[in-house]
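Read the numbers this way: they start at 1 and go in the same order the structure lists the ligands and their atoms.
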Amino acid sequence: MTIDGGKLDVPVVWHEDCLRHQPAGEVWLGLREDGTEVPERATVILSGLQGAGAPVVATLPHDPAALLAVHDPALIEHLRTIWADWEAGGYPADYGRDRVVPYVFPTRAMLAGLPLRAPAATHGRVGMFCYDTMTLVGPGSWEAIRAAADCARTAAGLIASGQQAAYALCRPPGHHAGRSGYGGSCYLNNAAIAVQVLRTAGVSRVAVLDIDAHHGNGTQSIFYDRPDVFYGSVHVDPGAGWFPHYLGFADERGDGPGLGANQNIPLAPGSGDEAWLDAVARLCEQVRNTGAEAIVLSLGVDAAAADPESPLQVTAGGYRAAGELIGKLGPVAVIQEGGYDLASLGEYVLAALSGLQSGLTARTEVSATE
Ligand SMILES: [Zn+2]
């Protein structure tokens, strides 16, 4: 695929360790299935972007402080150590459990108001942090989780130092991970890490635009009471029966000082370019009104018509148009979220980034003539 006006200039931040996470399936409705969050997702995207001439940039050295800025230390420690504990407990060798998966969850209904205690058993502990059965941990998972966070931090750093766009090829994705818990194939919230890097660098207002097909419940919850970070998302309606089921409704508008800084636009299953782009344009208008100085774009391309994980019907042209709208808003750190159709994944990400590039160019030309 070629792009208008030559090659793609957006730097692609990448770390090989993102390939080390091999969830080897997911447990969905009680059965282990193949799963779609596979390492090939990243290689397909990388080769698509390199083919368009995009420069590839290495990550900065790992900085634990960037993770701790938005996550509970206990979650990070769990993700760092759980595979070793699982192995030491004999779960793979003695019981044939080759991946970490929870089976009991300390929900509100279970605890009935009593305090949460840390369970003694490793297999009892996983449900304290992991809220579904689809988000497995294996031997290289932590290295990939950490590398994805480093990609996000590096891309945000490029924006903070004056770049107009940078793309973090994060795998695993992150927008379903909250401050203290993980699920939805996400472990740490790469977009939230990027936001906090920008804030710490002195960007006073940041907006997150989440155009993944699913609601980014983790990002929403991390910033729900903060007025300095706007979160806007267009996604398939959880009220029509879609993940994450419990969050992502239009009446979730933020809390306390953050009231009004959260906007969800749920769409009916089957929605295509017209409804989706109309929602993206409405979110862009809101971002403009917040006075955000930088954007973090949670770029999931699973709204693609051919994607196996969502019923939305957005075309590559739709993603290109969305990129163009968003590029006109200001500097953008792009964070890769979902997108699972290996045949079209590279084309869709390239379409979004080339749209972004032309939006940014249009914006720079306008401001140069003002
Ligand atoms: Zn998604």
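- Distances from the Zn ion (ligand 1) to each N, O or S atom of Asp212 single out OD1 as the nearest.
- When you scan the N, O or S atoms of Asp302 for the one nearest the Zn ion (ligand 1), you land on OD2.
- Here the side chains of Val229 and Gln196 are not in contact, with every heavy-atom distance at 4.5 Å or above.
- No side-chain N or O of Tyr182 forms a donor-acceptor pair with one of His176 less than 3.5 Å apart.
- Screening residues 78-96 for salt bridge (charged side-chain N to carboxylate O under 4.0 Å, His left out) gives Glu77-Arg80, Asp85-Arg125 as the qualifying pairs, with residues at least two apart or on separate chains.
- The minimum distance between the Zn ion (ligand 1) and any N, O or S atom of His214 involves atom ND1.
- For the atom pair Arg288 CZ and Leu329 CG, the distance stands at 5.0 Å (nearest 0.5 Å).
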